[in-house]
S.K.: 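The structure that follows is given in the form of structure tokens.
Heavy-atom basis, side chains included; hydrogens, waters and symmetry copies ignored. Each chain gets a letter, A, B and so on, in the order its sequence line appears, and its residues count up from 1.
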Amino acid sequence: MLNVNDILETINMIKQENLDIRTVTMGISLFDCISDDPKRLEQKVYDKITKSAKDLVRTAEDLEHTYGIPIINKRVSVTPVSLIGGALDAEGFVRLALVLEKAANELGINFIGGFGALVQKGMTLGAKNLIDAIPEALSKTTKVCSSVNVATTKAGINMDAVKKMGEVIKETAYLTRDNDSIGCAKLVVFSNIPEDNPFMAGAMHGMGEPDTVINVGVSGPGVVASAIKREGVCDFSHLADTIKKTAFKITRVGQLIAYEASKRLGVPYGIIDLSLAPTPAVGDSVAHILENMGLERCGTHGTTAALAMLNDAVKKGGVMASSHVGGLSGAFIPVSEDAGMIEAAECGSLTIEKLEAMTAVCSVGLDMIAVPGDTSAATISGVIADEIAIGVINNKTTAVRLIPVYGKGVGEDVEFGGLLGHAPIMKLNSYSCEEFISRGGRIPAPIHSLRN
Amino acid sequence: MKAVITVIGKDSIGIIATVSAECAKYGVNIVDITQSVLKDYFAMIMLVEIENMNTTFASFQKELEKMGKEKSLDVRVMHEDIFNSMHRI
């Protein structure tokens, strides 16, 4: 017989501490849809997605009932669209985005990711056309997510792409100005993009992946925060141990769901993403974990160290619990999606400079940060360049998801709704980096001996 | 295949009887029961065999949750594997 306390602990995690499976994401390869006829390409893409994922939502809902754990999102990620639509013009890519949206609606999924390009070294004509199409595509769809990889540790940083993405973000903000520039919440600029990430907006189905695959993203910042609170005053070894044990339990649930989903759908299981993904709900915040460790407010001195330890302990516990770990796997720090981060930003404790430092020790990067609408494209490119450089030099994934909210300035607030939450507009450095960004070309790949 | 039924709420007469009757109705065999009462707070955990049940897992779950609501109890039916995977290596 199972131990009574164990059973109550699990139920408490789900009921009181917001433990959930954040996403079951099906990756679908679209390489077999390639055609020189745009109409035929669109039809094949629609058919492949709707056929491969037809049982995804129903199966995930069945699993929710059977195991009594909520599965918040059901998603699909596809091969970066620039790779299968290499011959399309920008208009053709917008039409393809509408096809992805139609397929997502037909399936009843929450998001579809992969409207993206890999341009770390240079742009093909297809990639250029896709990037040109992003603002219009994101303004005409609600479920399509876009990601562009502008750098890798091996290739260096494509600064032409960094410059371009600053402009694309500005234009996306303008085209979705009636909805607080929400289009930018579905657009991420990456360095070292993972090929198997189940989380949006950066999910895509990489080139080395099987035809279809199931990837699962767990959650549970509330569970970790409560566990730390329960331990009370203890030293860091004990604290790290507590986080590890909790992360282990959370990940085991993810592993179970991934295994069962894969079995029921007849689709191979890819990876579990160990990331602690927060939501704006009270008690589901990564910032509150850091505060429970003894920081008065997230963003104060000590925050980077606390996050570094949290991130490492989550990985150590999670790795033991799952046979395949991948994606972003770490702690997420999206400002608008985390109640504690929002509070910290509102009271001035959390600044963009501190967030940048924090991204050096955790997964992802500057995520869901609202900035003034009149920020120049060059400044946005400057923010991207800084963040991407951290990823390239440290051989890790970093990303930028900035929302220059049209018509709003520092001190105002923006409401995105749902899982995307709300955020205060954060201040950026007002000095120009225009000359630096407009140089163009590539920043060479870093040397990885002589580490300092 | 086994499931875990948990019933949490204010203590009253006949909770176990009601849950057991529901189980019998749907051909669900009770394997083990633990229950405790702390002050007025009642917590029962029942391990049941659902291999030969005469309904679907989803509808059994629905019926029990409905019964729980009527009696102001929090009743959950979950597959035992979620507990096994979380607490057993």
Side-chain angles (χ1 to χ4, degrees), chain A residues 1-17 19-21 58-71 216 218 220 223-224 227 244-264 269 272 317-323, chain B residues 1-9 11 15-16 19 26 28-39 41-51 53 55-66 68-69 72-89:
Chain A
M1 174 78 176
L2 283 151
N3 182 312
V4 175
N5 290 333
D6 290 346
I7 290 174
L8 293 177
E9 184 189 355
T10 303
I11 288 173
N12 193 45
M13 281 182 185
I14 296 168
K15 222 181 130 187
Q16 309 290 342
E17 298 167 353
L19 174 63
D20 55 51
I21 300 293
R58 190 181 50 79
T59 305
E61 283 170 356
D62 281 352
L63 291 173
E64 277 184 282
H65 287 302
T66 305
Y67 296 105
I69 184 156
I71 299 175
V216 168
V218 296
V223 182
V224 177
K244 269 198 300 192
K245 282 180 190 157
T246 313
F248 175 83
K249 289 176 183 169
I250 295 172
T251 312
R252 288 282 284 184
V253 178
Q255 170 79 23
L256 171 69
I257 296 294
Y259 178 77
E260 275 298 318
S262 144
K263 199 168 84 182
R264 292 183 187 195
Y269 145 57
I272 302 284
V319 155
M320 169 85 180
S322 169
S323 32
Chain B
M1 195 166 108
K2 291 195 185 77
V4 174
I5 302 172
T6 53
V7 182
I8 299 169
D11 194 19
I15 297 179
I16 295 186
V19 178
Y26 295 108
V28 169
N29 185 35
I30 299 168
V31 180
D32 201 349
I33 302 184
T34 334
Q35 67 117 25
S36 57
V37 181
L38 272 175
K39 290 187 184 165
Y41 195 65
F42 175 89
M44 177 182 75
I45 292 162
M46 208 179 237
L47 186 68
V48 297
E49 176 66 67
I50 52 175
E51 204 76 9
M53 69 197 287
T55 180
T56 61
F57 187 82
S59 59
F60 176 62
Q61 203 170 33
K62 227 183 195 165
E63 283 303 316
L64 251 76
E65 279 164 15
K66 203 175 104 197
K69 242 181 216 146
S72 310
L73 296 165
D74 180 25
V75 180
R76 282 165 186 256
V77 187
M78 293 155 81
H79 194 289
E80 67 161 345
D81 277 355
I82 188 164
F83 305 104
N84 284 333
S85 52
M86 198 183 254
H87 302 287
R88 301 252 170 100
I89 303 177

S.K.: Can you name the side-chain contact (heavy atoms from CB on, under 4.5 Å) partners of B/Lys69, sequence neighbours left out?
M.R.: none

S.K.: In Å, rounded to the nearest 0.5 Å, how long is the span from CG of B/Asp81 to CD of A/Glu260?
M.R.: 7.0 Å

S.K.: Look up atom OG1 in A/Thr66 and atom CD in B/Gln61, then write down how far apart they are to the nearest 0.5 Å.
M.R.: 7.0 Å

S.K.: Check whether A/Leu63 gets within reach of chain B through its side chain, its backbone, both or neither, counting any heavy atom under 4.5 Å.
M.R.: neither

S.K.: Heavy-atom cut-off 4.5 Å, strictly under: side chain, backbone, both or neither for B/Val77 against chain A?
M.R.: backbone

S.K.: Quick one: does any side-chain atom of A/Arg252 pair with a main-chain N or O of B/Arg88 as donor and acceptor, under 3.5 Å?
M.R.: yes

S.K.: Which pair of heavy atoms, one from B/Met78 and one from A/Tyr67, lies closest together, and at what distance?
M.R.: CE-O, 3.3 Å

S.K.: With a 4.5 angstrom heavy-atom cut-off, could you sort out which part of B/Phe57 is near chain A: side chain, backbone, both or neither?
M.R.: side chain

S.K.: Check A/Ile7 against B/Thr6 and note the closest heavy-atom contact, atom names and distance.
M.R.: CG2-CG2, 3.6 Å

S.K.: So for B/Asp74, is it side chain, backbone, both, or neither that comes closer than 4.5 Å to the heavy atoms of chain A?
M.R.: side chain

S.K.: Heavy atoms only: give me the nearest B/His87-A/Asp6 pair and the separation to one decimal.
M.R.: NE2-O, 3.0 Å

S.K.: So, taking the atom named CZ in B/Phe83 and the one named CD1 in A/Ile11, what distance separates them when rounded to the nearest 0.5 Å?
M.R.: 4.5 Å

S.K.: Rounded to the nearest 0.5 Å, what separation is found between the CE atom of B/Met86 and the CE atom of A/Met13?
M.R.: 4.5 Å

S.K.: Rounded to the nearest 0.5 Å, how far apart are CZ of B/Phe60 and NE2 of A/His65?
M.R.: 15.0 Å

S.K.: Quick check on B/Ile8 against chain A: is it the side chain, the backbone, both or neither that has a heavy atom closer than 4.5 Å?
M.R.: side chain

